[in-house]
Amino acid sequence: MKHGLRNIPFFAGLDDNVLEAISRRLQREHYHKSAAVFLEDEPGDCMYIIESGQVKVVAERGNQEKIFGYLGPGNFFGEMALLLGERRSATARVVIDADLLVLRKNDFDELLEIHPQIALMMSQELGRRLTRSNTSPILREEFNIVTALGAATPTLARNLAQVTGEAVSILDLGGLANISLDPASLRQGNVTLVRGADILEPETLADRLSQLVQQYYWVLLAVAPYETPLTLKAIELADVTVQVGGREPPWIKTVAPKGFWRVDAQAQSIQRLARRISQRLVGLALSSGNARGMAHIGVLKVLEAEGIPIDMLAGTSAGSVFGAMYAAGRSINEMIEFAVNVQKQYNFVSGFQYWDFRLPPRTGLIKGNVVLNYLRHWTLDKTFDQLNIPLYIIAADLISGEEIVFDHGPVAEAVRASMSVIGVFEPAPIAGRFLIDGGSVNPVPTQLLADKGISIILASNVIPSLEDRLHRRELKREGKLPNMIGIVSGAMEIMESEIIKSRMGPVDILIQPDIARYGTMEYDKALEIIKRGEEAAHAQIQAIRQRLAPNPRKRPQV
């Protein structure tokens with residue numbers, strides 16, 4: 001044990017007789033994954049040295065936690081409360097089954113009295129710890145240990161290394177036994193293959209894993225699809241279990257404590273899984289905006305052409321229309337065709353067949369059933385679970401004023417509800433509610449993306465500010481009122497521009513097309529408006545690439 005203490009930087013400067021005295025007083029304790037070593041606000045009556053395993057230091061508030069750091073073998077913790085005689089300032093929780101060496105307060109006090117040089121070392125370390133605690137960032141819950149099933153596990157590892165710029169290790173526990181792999185090729189992709197099925201037992205896996213996480217930021221445990229003790233232990237120790245291609249075994253979901261994710265073996269799906277594991281998923285929020293919403297097509301066109309991934313979409317009103325079409329698999333050219341034809345449908349003469357008027361008007365000028373059928377065609381009559389990209393659509397409950405989020409059922413019905421402008425369309429009757437335009441509660445749904453775990457949030461906002469509207473007035477002095485639909489849409493837009501000031505959530509990159517010069521009903525300017533969306537997206541591509549760029553890091557120590 002004395003030799004082990006010598007390898008810890010803090011103890012390295014102490015004499016052998018002092019190390020011997022410390023080692024005699026240490027007691028070994030074993031903790032399983034997720035166990036709390038101590039809780040915040042408990043008395044600080046001992047300190048711990050990690051012999052094997054991994055521990056995270058967190059502040060827990062209800063179901064949320066702030067992570068201050070991850071600690072592996074050779075690190076120690078809990079000494080600050082012991083030195084200061086105060087209660088614990090954070091919780092220490094085990095990430096990988098851990099063997100800890102414990103030094104209790106009575107033994108600690110004895111050591112300080114007999115060997116005062118320990119006090120000097122401790123005071124120096126206390127100063128370093130306080131400095132680091134003031135500068136270290138708050139971390140997020142990580143998925144850096146992943147149990148993976150499927151022959152495409154090496155492909156996932158390469159993608160994970162590419163997305164993050166960080167080293168990845170595959171610990172083969174039998175899952176790749178019949179797969180021919182080239183270790184040299186893997187190393188070129190910053191992936192190291194470690195064979196462990198023949199030498200590891202369930203009892204020794206935690207110790208081997210705690211060593212690997214000190215060398216590699218990401219560790220994939222490649223297991224066979226059999227319910228063996230080693231497979232079950234790997235799943236227990238992992239942060240998440242994933243099935244990459246193939247069919248998952250029926251027992252897997254019942255033994256994965258932190259969840260089970262499944263994707264097919266297509267390249268796009270594996271790339272998205274790598275971003276999900278590394279918490280680098282990209283989400284795009286598309287605002288409401290009537291005719292100006294056609295600028296979203298230009299934004300999507302540029303993002304697609306530049307290879308910017310979109311892992312999730314959230315849309316309101318016009319944003320829901322184009323987000324739904326794109327998520328359903330409509331091409332950019334098809335969406336442009338849709339936008340160009342909209343002007344014909346919105347003309348009460350040439351587009352009469354698209355309107356089912358309610359005469360006399362009661363809750364709206366248009367029933368909306370014909371529009372619903374039209375939307376079914378353009379969304380390929382898909383349900384949410386059939387979409388190529390996860391999608392969320394915002395509407396509002398007319399009676400309660402609640403924000404309603406659609407994520408299941410027929411997509412067209414959700415779009416019809418989200419675009420139901422008050423006075424123009426009758427409220428959409430769905431599940432006992434009467435739903436209206438989502439712009440009245442959440443015009444740019446970025447907060448929803450954040451709530452769904454999206455880390456990189458892009459937003460396309462086509463709602464002009466009141467200042468932009470004043471500028472447009474100077475550009476267009478026609479001296480006459482717009483039609484009824486234009487008046488309603490304009491009033492809605494004024495309300496939305498004010499809501500954005502208080503409701504718009506976190507955004508990494510804001511794409512704001514220059515469309516204030518266009519009116520809410522100028523559908524005949526479709527190609528011009530789409531072009532404005534392209535220009536705005538091009539202007540932000542460099543910033544988006546910088547945000548998506550790999551960012552290798554070192555796990556901070558506390």
Side-chain angles (χ1 to χ4, degrees), residues 5 8 10-11 22 25-112 118 122-123 125-145 206-207 209-210 213-214 233 235-240 256-259 279 453 555-558:
L5 293 178
I8 299 173
F10 171 73
F11 295 104
I22 294 173
R25 289 168 170 81
L26 292 175
Q27 299 175 351
R28 183 178 283 105
E29 294 181 355
H30 182 78
Y31 291 83
H32 288 289
K33 181 181 177 70
S34 299
V37 181
F38 55 72
L39 298 175
E40 185 175 350
D41 207 37
E42 284 184 348
D45 59 354
C46 60
M47 62 174 288
Y48 298 84
I49 302 167
I50 303 176
E51 192 173 38
S52 67
Q54 189 181 57
V55 173
K56 65 180 178 181
V57 181
V58 302
E60 297 178 331
R61 296 288 184 274
N63 294 327
Q64 296 183 334
E65 63 178 19
K66 291 183 178 179
I67 302 174
F68 299 114
Y70 289 83
L71 305 174
N75 282 277
F76 59 97
F77 60 97
E79 81 293 342
M80 290 184 68
L82 187 64
L83 285 168
L84 299 174
E86 297 179 349
R87 292 181 176 274
R88 304 291 189 189
S89 60
T91 294
R93 198 170 291 279
V94 174
V95 178
I96 302 173
D97 289 7
D99 285 313
L100 306 180
L101 302 176
V102 185
L103 182 62
R104 304 198 179 279
K105 180 172 175 47
N106 291 340
D107 293 317
F108 179 72
D109 291 341
E110 263 187 46
L111 285 169
L112 290 182
I118 296 177
M122 281 287 186
S123 63
E125 179 63 20
L126 180 59
R128 287 192 292 268
R129 291 286 174 105
L130 288 172
T131 300
R132 284 199 294 267
S133 67
N134 289 331
T135 58
S136 296
I138 301 298
L139 306 178
R140 292 174 299 178
E141 179 66 48
E142 296 183 332
F143 302 109
N144 62 314
I145 303 171
D207 186 46
L209 191 54
S210 67
V213 296
Q214 298 302 302
K233 188 63 179 179
I235 292 172
E236 176 191 329
L237 293 174
D239 298 312
V240 69
K258 285 196 174 181
Q279 298 189 75
R555 184 177 289 112
Q557 303 297 314
V558 298

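The figures that follow rest on heavy atoms only: side chains count, while hydrogens, waters and symmetry mates do not. Index from 1, following the sequence.
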For the residue pair [X] and [Y], establish whether any side-chain heavy-atom pair is separated by less than 4.5 Å.
X: Asp41; Y: Arg88; answer: no
X: Leu101; Y: Tyr48; answer: no
X: Lys66; Y: Glu60; answer: no
X: Val57; Y: Ile67; answer: no
X: Gln27; Y: Arg104; answer: yes
X: Lys105; Y: Cys46; answer: no
X: Thr91; Y: Phe38; answer: no
X: Leu100; Y: Phe77; answer: yes

Fill in: Gap separating the CG atom of Leu39 from the CZ atom of Arg93, nearest 0.5 angstrom
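Rounded to the nearest 0.5 Å, the CG-CZ separation comes out at 6.5 Å.
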Worksheet item: Given Gln54, which of Asn75, Ile96, Val94 fulfils the side-chain contact (heavy atoms from CB on, under 4.5 Å) condition?
Response: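 Of Asn75, Ile96, Val94, side-chain contact (heavy atoms from CB on, under 4.5 Å) with Gln54 is met by Ile96 alone.
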If I compare all heavy atoms of [X] with all of [Y], which pair ends up nearest, and what's the gap?
X: Ser52; Y: Pro73; value: CA-CG, 4.0 Å
X: Ile145; Y: Leu237; value: CG2-O, 4.2 Å
X: Tyr31; Y: Ala36; value: CE2-O, 4.2 Å
X: Leu71; Y: Phe76; value: CD1-O, 4.3 Å
X: Ile235; Y: Ala256; value: CG2-CA, 3.6 Å

Worksheet entry | Pair Arg87 + Glu42: basic N to acidic O under 4.0 Å |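 Between Glu42 and Arg87 there is no salt bridge, as every charged N stays at least 4.0 Å from the carboxylate O atoms.
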Worksheet item: Around His32, counting heavy atoms of other residues, nucleotides and ligands shown, do more than 12 lie under 6.0 Å from its NE2?
Response: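 Not more than 12 within 6.0 Å, no.
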Fill in: Chi angles and distances behind the side-chain contact (heavy atoms from CB on, under 4.5 Å) call for Ile50, Asp99
CA-CA 6 Å; Ile50 303 176; Asp99 285 313; over 6 Å; no
Practice prompt. Give the intermediate values and the outcome of side-chain contact (heavy atoms from CB on, under 4.5 Å) for residues Ile22 and Asp107.
Written response: CA-CA 9 Å; Ile22 294 173; Asp107 293 317; over 6 Å; no
Fill in: Criterion side-chain contact (heavy atoms from CB on, under 4.5 Å) on Val102 and Arg28, from CA distance to verdict
CA-CA 6 Å; Val102 185; Arg28 183 178 283 105; over 6 Å; no
